[in-house]
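One structure is given below, encoded as structure tokens.
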Amino acid sequence: MITVFGSINVDLVCQVAKSPMPGETVMGSDYQLIPGGKGANQALAARRAGAEVKLVGAIGDDDMARAALTELEPAGVDLASVATRHGTSGIAIITVDEKGENTIVVSPGANASAEAGQVAPDALSAGDTLLLQMEVPFAESMKVATRASAAGARVVLSVAPFTPLTPTELAPTSIVVVNEHEAADFARYFGLAARGNQAVVTALARRLDRTVIATLGPEGAVASGPEGLIKVPAIPVTPVDTTGAGDTFAGVLAAYLDEGADLRTAMAKAAVAGSLACTKHGAQPSFPTRAEIEAAGG
Ligand code: RIB
């Protein structure tokens with residue numbers, strides 16, 4: 001069983017030829033409202049990969065809230081622990097350029113009021129998986145993580161958006177997932193001299209004293225930790241929108257680990273799923289099913 005404690009957003013997405021520079025105005029496509037949020041995205045990606053998933057978080061009581069759960073409900077994600085707060089829902093304002101690269105501004109809304117107490121006392125047992133990111137209050141995430149770790153559950157944290165964290169702050173986590181930019185930010189924060197993705201991930205894993213996985217876009221992913229150095233490839237795709245690809249990786253990784261796969265296998269499936277998620281527009285509508293992951297060579 002996977003519990004995702006995290007953010008639930010509605011993405012307000014506009015396609016542009018080129019994302020604006022500071023001070024610049026650019027014209028874009030008609031906007032679309034697409035369900036997103038790193039927590040909700042991870043939950044859906046894990047569910048589509050075949051896991052039983054419970055999502056814990058908060059939405060507002062505004063008009064946007066209706067759009068936030070439209071992919072999660074039919075997919076069978078357990079939403080019983082999603083609270084409704086008075087006020088706005090989380091919103092992400094996203095531009096996607098011609099190369100499929102994005103810019104994202106998140107307005108947290110109700111996500112800022114997600115509380116550890118929403119996770120039922122018996123929700124996390126030995127062998128279960130807790131999946132976390134950085135769009136809900138970190139202190140609440142770590143309260144849940146401490147409970148999960150004490151119960152013998154694995155705790156996977158995606159440090160997105162990047163926030164500098166110390167090994168002590170990360171104590172209850174088992175696996176830390178970053179993208180290459182977040183890995184570089186971490187390396188700078190710790191003053192690590194390592195250069196190159198593999199060396200940076202190895203140095204980070206030593207510094208944080210736990211498994212670190214870095215996603216590398218078209219280069220796949222690399223991990224370092226007690227399991228040694230693991231590299232897995234992506235599959236070649238023509239990206240149309242990379243939004244949510246990292247969340248897909250984290251969700252699918254958690255799904256395969258939760259069912260007992262080893263780290264290399266789970267990373268390989270996750271890297272394929274992350275590639276597939278770049279081939280369609282939007283975050284959640286682009287996430288592959290387990291059958292699609294397996295058919296693509298995952
Ligand atoms: O990682 C992509 C997600 O980041 C988007 O869905 C957006 O809501 C922000 O949370």
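Remember, it's 1-based here, ligands and their atoms both numbered in the order they're listed. Bear in mind that the values here come from a model prediction, so they are computed numbers and not experimental data.
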field: Trace of the side-chain contact (heavy atoms from CB on, under 4.5 Å) decision for T129 with M1
entry: CA-CA 6 Å; T129 304; M1 172 79 183; over 6 Å; no

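- Near G36, the atoms of ligand 1 lying under 4.0 angstrom from a non-hydrogen atom of the residue are 6 (O), 8 (O).
- Among protein heavy atoms, atom 3 (C) of ligand 1 sits closest to N41 ND2, 3.6 Å.
- Near A92, meaning under 4.0 Å from one of its heavy atoms, ligand 1 places the atoms 7 (C), 8 (O).
- Relative to atom 9 (C) of ligand 1, the option among M134, E135, Q284 with the closest non-hydrogen atom is E135.
- Salt-bridge formation is not detected for the pair R47/E71: no Lys NZ or Arg NE/NH1/NH2 atom is positioned less than 4.0 Å from an Asp or Glu carboxylate oxygen.
- The protein heavy-atom contact nearest to atom 2 (C) of ligand 1 is D247 OD2, 3.3 Å.
- Salt bridge annotation for K18-E101: absent, with no cationic side-chain nitrogen under 4.0 angstrom from a carboxylate oxygen.
- A salt bridge does not link K231 to E219: none of the charged nitrogens lies less than 4.0 Å from a carboxylate oxygen.
- In the vicinity of G37, heavy-atom distances shorter than 4.0 Å reach the ligand 1 atoms 5 (C), 6 (O), 7 (C), 8 (O), 10 (O).
- At least one donor-acceptor pair under 3.5 Å links the side chain of S174 to the backbone N or O of V155.
- Ranking protein heavy atoms by distance to atom 4 (O) of ligand 1, first place goes to K38 NZ, 3.0 Å.
- A cation-pi arrangement is found for R207 relative to F190, the charged atom lying closer than 6.0 Å to the ring centre and inside a 45° cone about the ring normal.
- Evaluated by nearest non-hydrogen atom to atom 6 (O) of ligand 1, the leading choice among N9, D11, I104 is D11.
- Across all non-hydrogen atoms, the minimal contact from Q42 to A250 is NE2-CB, 3.7 Å.
- Residue contacts with ligand 1 leave out G246, since none of its heavy atoms falls under 4.0 Å from the ligand.
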